[in-house]
K.L.:
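Submitted below is the structure of interest, expressed as structure tokens.
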Amino acid sequence: MTAFRLVLACLTLLLSTAGQASPGSRLWATGGVTTIDGSAGGGLVPWALLSGYASDREWGGTLALSRLESDDYSLDVAAASFNWRNRLELSISRQTLDLDSLVFALKEGFGLEQDQLRQDIVGAKLRLWGDVLYSPLGQWSLGLQHKRNRTFLVPEAIGARDDQGTDVYLSASKLLFAAVLDRNLLLNATVRATRANQGGLLGFGGDRNNDHELMAEASVGVFLNRHWLVGLEYRQKPDNLTFADEQDWWDLFLAWVPDRRLAVTAAWVELGDIAGLQHQQGAYVSLQASF
């Protein structure tokens, strides 16, 4: 199935689910949105929260479509997740990166004519203990994301060691009631062990480093009301390739939750230099249905 057909199929199912399914019984917006890797969180950073609205006696999940447009690249993501009793989240996603301006550089420098990079991600997240609302230390979850680069020609040419790898992360999330001008405040911290280059789209490991390294990630969000959440995210990145330095990512996001079944997220994303093309920044939008 092509990336376009996958996106189209997910969109059709997403809209159908949004109109017919009944979400679970957890509180409004406590499933977060869908990250570019497919797990529940913000756009860039996974949270300890599990997807959808399933409580400890229910099951649920999400379907999501996302698009990021930077100066020289565009990224499409189709993702789905399943939540079993608010204990275990399983997710799958397909990322398609259009190389746009980089195509000409690859053709001249490496003789390559590839215009897309594609990656599949299978994830699992286990809630270890705690509750984001009522536990003093919040909710803690352990997750993994196995990533497989399906178009390894370009990553291999620039020095990546492998076409697949696994990230392991630990996240802690806490919601503080009436913490900022009587508004609820969401805090999240994540530590990720990874060797992925640009999230895995440029392969795994390299000539500088081929081992897993610990990276810090964080999110903070303020609920303006039950429908609107505004916040910031930061994601530290490894720097494995001599070919091009890799900078950390961050974004400023706004999420709208008009209904328990639907969430729309918009963000301004700063990605730094990617594969030698400098100062990549641009707009991100995501549509999610919960069931």
Side-chain angles (χ1 to χ4, degrees), residues 32 34-51 66 68 70 73 75 77 79 81 89-97 117-126 128 140-152 154-156 158-173 188-219 232-251 269-275 280 284:
T34 301
T35 69
I36 59 172
D37 295 325
S39 60
L44 299 179
V45 177
W47 299 349
L49 302 170
L50 273 57
S51 64
S66 305
L68 189 156
S70 73
Y73 302 95
L75 175 69
V77 183
S81 69
E89 173 192 290
L90 302 176
S91 61
I92 186 170
S93 63
R94 161 71 60 86
Q95 298 176 335
T96 303
L97 180 70
L117 299 177
R118 293 187 300 275
Q119 179 172 238
D120 292 338
I121 304 174
V122 177
K125 185 193 301 185
L126 177 68
L128 299 176
W140 294 67
S141 295
L142 180 67
L144 63 84
Q145 295 168 347
H146 182 72
K147 305 179 178 183
R148 181 187 177 194
N149 196 301
R150 302 179 62 87
T151 47
F152 191 55
V154 170
E156 186 176 31
I158 64 176
R161 296 287 188 89
D162 298 299
D163 65 351
Q164 56 187 305
T166 301
D167 291 358
V168 180
Y169 63 90
L170 178 68
S171 293
S173 300
N188 179 83
T190 296
V191 177
R192 180 192 300 261
T194 183
R195 54 194 285 268
N197 307 317
Q198 298 297 347
L201 285 163
L202 291 182
F204 302 83
D207 55 314
R208 283 182 178 173
N209 176 67
N210 195 38
D211 297 321
H212 281 78
E213 295 182 278
L214 292 180
M215 298 288 123
E217 305 176 11
S219 304
L232 285 164
E233 294 184 291
Y234 167 80
R235 179 166 168 174
Q236 190 180 24
K237 308 285 292 310
D239 197 11
N240 299 324
L241 301 171
T242 301
F243 168 79
D245 293 335
E246 186 167 344
Q247 278 81 45
D248 300 340
W249 293 346
W250 66 269
D251 72 25
V269 184
E270 296 280 350
L271 302 174
D273 300 349
I274 298 180
Q280 297 302 307
Y284 168 86

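Sequence positions, counted from 1, serve as the residue numbers for this chain. Every heavy atom of this structure was used, including side-chain atoms; hydrogens, water molecules and symmetry mates were not.
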K.L.:
For Asp245, check salt bridge (charged side-chain N to carboxylate O under 4.0 Å, His left out) against everything at least two apart and list the hits.
P.N.:
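Expected list: Arg208.
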K.L.:
Going by salt bridge (charged side-chain N to carboxylate O under 4.0 Å, His left out), name the residues that satisfy it together with Glu246, two or more places apart in sequence or in a different chain.
P.N.:
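Scan of Glu246 (salt bridge (charged side-chain N to carboxylate O under 4.0 Å, His left out), adjacent residues dropped) gives Lys237.
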K.L.:
Does Thr35 reach the side chain of Val45, with side-chain heavy atoms less than 4.5 Å apart?
P.N.:
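Thr35 does not reach Val45 side chain to side chain.
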K.L.:
What residues, two or more places apart in sequence or in another chain, satisfy side-chain hydrogen bond (donor to acceptor under 3.5 Å, both in side chains) together with Ser173?
P.N.:
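So Ser173 forms a side-chain hydrogen bond (donor to acceptor under 3.5 Å, both in side chains) with Asn188.
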K.L.:
Show the numbers, then the answer: is there a side chain to side chain contact (heavy atoms under 4.5 Å, CB included) between Gln145 and Tyr169?
P.N.:
CA-CA 9 Å; Gln145 295 168 347; Tyr169 63 90; 3.8 Å; yes
K.L.:
Between the side chains of Tyr234 and Asp248, is a donor N or O closer than 3.5 angstrom to an acceptor N or O?
P.N.:
yes
K.L.:
Are side-chain N/O atoms of Ser91 and Ser81 paired as donor and acceptor at under 3.5 Å?
P.N.:
no
K.L.:
Ignoring hydrogens and geometry, is there a side-chain-to-backbone donor-acceptor pair from Glu156 to Gly203 under 3.5 Å?
P.N.:
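Absent.
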K.L.:
Roughly how far, to the nearest 0.5 Å, is NE2 of His146 from OG1 of Thr166?
P.N.:
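Thr166 OG1 to His146 NE2: 5.0 Å, rounded to 0.5 Å.
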K.L.:
Got Pro46 and Glu217 here, is their nearest side-chain heavy-atom distance under 4.5 Å?
P.N.:
yes
K.L.:
Should Asp120 and Arg150 count as an ion pair when the cut-off is N to O under 4.0 Å?
P.N.:
yes
K.L.:
Side-chain contact, heavy-atom cut-off 4.5 Å: Gln164 with Asn149?
P.N.:
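Sidechains of Asn149 and Gln164: no contact.
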K.L.:
Using every non-hydrogen atom in the two residues, find where Asn210 and Gly205 come nearest and quote the distance to one decimal.
P.N.:
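Looking at all heavy atoms of both residues, the shortest contact is OD1-CA, 3.3 Å.
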K.L.:
To the nearest 0.5 angstrom, please state how far the OG atom of Ser141 sits from the CG atom of Leu128.
P.N.:
6.0 Å
K.L.:
Which residues pass the salt bridge (charged side-chain N to carboxylate O under 4.0 Å, His left out) test with Asp162, sequence neighbours left out?
P.N.:
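By the salt bridge (charged side-chain N to carboxylate O under 4.0 Å, His left out) rule, Asp162 matches Arg195.
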K.L.:
Please identify each residue that fulfils ring-ring contact (aromatic ring centres under 6.0 Å, His included) with Trp249, with sequence neighbours left out.
P.N.:
none
K.L.:
Tell me, yes or no, whether the heavy-atom count around Arg161 atom CZ, taken from other residues, nucleotides or ligands under 6.0 Å, exceeds 12.
P.N.:
yes
K.L.:
Could you tell me whether a side-chain N or O of Glu270 sits under 3.5 Å from a main-chain N or O of Trp250, the two making a donor and an acceptor?
P.N.:
no
K.L.:
To the nearest 0.5 angstrom, please state how far the OH atom of Tyr284 sits from the CG atom of Leu75.
P.N.:
8.5 Å
K.L.:
Side-chain contact test, heavy atoms from C-beta onward, threshold under 4.5 Å: evaluate it for Leu202 versus Ile158 and give yes or no.
P.N.:
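Yes, close enough: below the 4.5 Å cut-off.
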K.L.:
What's the shortest heavy-atom distance between Thr194 and Met215, and which atoms?
P.N.:
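Heavy-atom minimum between the residues: CG2-CG, 3.8 Å.
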K.L.:
When you check the side-chain N and O atoms of Ser70 and Gln280, is any donor under 3.5 Å from an acceptor?
P.N.:
yes
K.L.:
Identify, with sequence neighbours excluded, every residue that meets salt bridge (charged side-chain N to carboxylate O under 4.0 Å, His left out) alongside Asp167.
P.N.:
Lys147, Arg192
K.L.:
Considering non-hydrogen atoms only, spot the tightest contact between Leu44 and Glu233 and give its length.
P.N.:
N-OE1, 3.1 Å
K.L.:
Supply the atom-to-atom distance Phe204 CZ to His212 NE2, rounded to the nearest 0.5 angstrom.
P.N.:
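One gets 9.0 Å once the value is rounded to the nearest 0.5 Å.
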K.L.:
Could you state the interatomic distance from CG (Asp251) to CG (Leu271), rounded to the nearest 0.5 Å?
P.N.:
9.0 Å
K.L.:
With distance as the sole criterion, is a donor-acceptor pair present between the side chains of Ser219 and Trp47 under 3.5 Å?
P.N.:
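Result is yes, a qualifying pair exists.
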K.L.:
Using every non-hydrogen atom in the two residues, find where Ser93 and Ala79 come nearest and quote the distance to one decimal.
P.N.:
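Smallest heavy-atom distance, with atoms named: CB-CB, 3.7 Å.
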K.L.:
Heavy atoms only: give me the nearest Pro238-Glu213 pair and the separation to one decimal.
P.N.:
CB-OE1, 3.7 Å
K.L.:
How about Val168 and Leu142: do any of their side-chain heavy atoms sit closer than 4.5 Å?
P.N.:
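Yes, at least one pair of side-chain atoms sits under 4.5 Å.
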K.L.:
For the CD atom of Gln95 and the CG atom of Leu117, what is their distance to the nearest 0.5 Å?
P.N.:
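Interatomic distance, Gln95 CD to Leu117 CG, rounded to 0.5 Å: 10.5 Å.
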K.L.:
Taking atom types as modelled, is there a side-chain donor on Asn197 or Asn240 under 3.5 Å from an acceptor on the other?
P.N.:
yes
